[in-house]
Amino acid sequence: MQLLQGTLDMLILRTLIFGARHGHSIAVTIQRTSDDDLLVDHGSLYPALQRLERQGLIKSKWGTSELNRRARFYDLTRAGRKKLTAETGKWERMVRAIGRVLEHPNEQET
């Protein structure tokens, strides 16, 4: 399923709420927690990570992955946590509004 613009950023921030992860781990976590409905390709993921880092919402440092490979690990900043809270609230309001429209019986215009 293709993600709406801005949604990937929010999912990355949410994934990092529990601690630093490298890029591949972020993609796998999103895929697993969505029951394989959301697949994040690396062509979208890494530009998003770079953009979030430029915005000061995440920070990165080099480390060693669980496969003993050198990898860049990303961590949420205080500004990132604040942004996640704001974006989550907006997203939840949008989902409720769309749900109301979809569930509302058709009515004739007057």
From Thr85 atom OG1 to Ile17 atom CD1, the distance as rounded to the nearest 0.5 Å: 6.5 Å

Residues forming a side chain to side chain contact (heavy atoms under 4.5 Å, CB included) with Leu102, sequence neighbours excluded: Ile98

Separation of Ile58 CD1 from Leu52 CG (nearest 0.5 Å): 5.0 Å

Partners passing ring-ring contact (aromatic ring centres under 6.0 Å, His included) against His42 (at least two apart in sequence or in another chain): His24, Tyr46

Considering all heavy atoms, the nearest Met10-Leu84 contact: O-CD1, 3.8 Å

Set of residues satisfying side-chain hydrogen bond (donor to acceptor under 3.5 Å, both in side chains) with respect to Gln31, sequence neighbours excluded: Asp36

Distance-minimising heavy-atom pair for Gly56 and Ala79: O-CB, 3.8 Å

CG-CZ distance between Leu76 and Phe18, expressed to the nearest 0.5 angstrom: 11.0 Å

Residue pairs involving residues 40-59 (criterion salt bridge (Lys or Arg N to Asp or Glu O under 4.0 Å); sequence neighbours excluded): Asp9-Arg51

Those residues that, when tested against Arg78, pass side chain to side chain contact (heavy atoms under 4.5 Å, CB included) (two or more places apart): none

Joint cluster assignment, Trp91 & Val101, ILVMFWY side-chain distance < 4.5 Å: no

Nearest atoms (heavy-atom pairs only) where Ile12 meets Ala48: CD1-CB, 3.7 Å

side-chain hydrogen bond (donor to acceptor under 3.5 Å, both in side chains) partners of Gln55, counting only residues at least two apart: none

Partners meeting side-chain hydrogen bond (donor to acceptor under 3.5 Å, both in side chains) with Arg72 (sequence neighbours left out): Ser60

With sequence neighbours excluded, residues passing side chain to side chain contact (heavy atoms under 4.5 Å, CB included) with Thr64: Asn68

Leu16 side chain near Ile26 side chain, heavy-atom distance below 4.5 Å: yes

Residue pairs, two or more places apart or on separate chains, that pass salt bridge (Lys or Arg N to Asp or Glu O under 4.0 Å) and touch residues 82-97: Lys83-Glu87, Glu87-Lys90

Results of side chain to side chain contact (heavy atoms under 4.5 Å, CB included) for Arg32 - residues two or more places apart only: Val28

Minimal non-hydrogen separation, Val40 against Ala27, with atom names: O-CB, 4.0 Å

Counterpart residues, side-chain hydrogen bond (donor to acceptor under 3.5 Å, both in side chains), relative to Arg21 (two or more places apart): Ser25, Thr29

Verify same cluster id: Ile30, Val95 (apolar side-chain graph, 4.5 Å): yes

Minimum-distance pair of heavy atoms, taken over all atoms of Ser44 and Leu8: O-CD2, 3.7 Å

Ring pair (Phe, Tyr, Trp, His ring centres under 6.0 Å) pairs, two or more places apart, involving residues 63-82: His22-Phe73

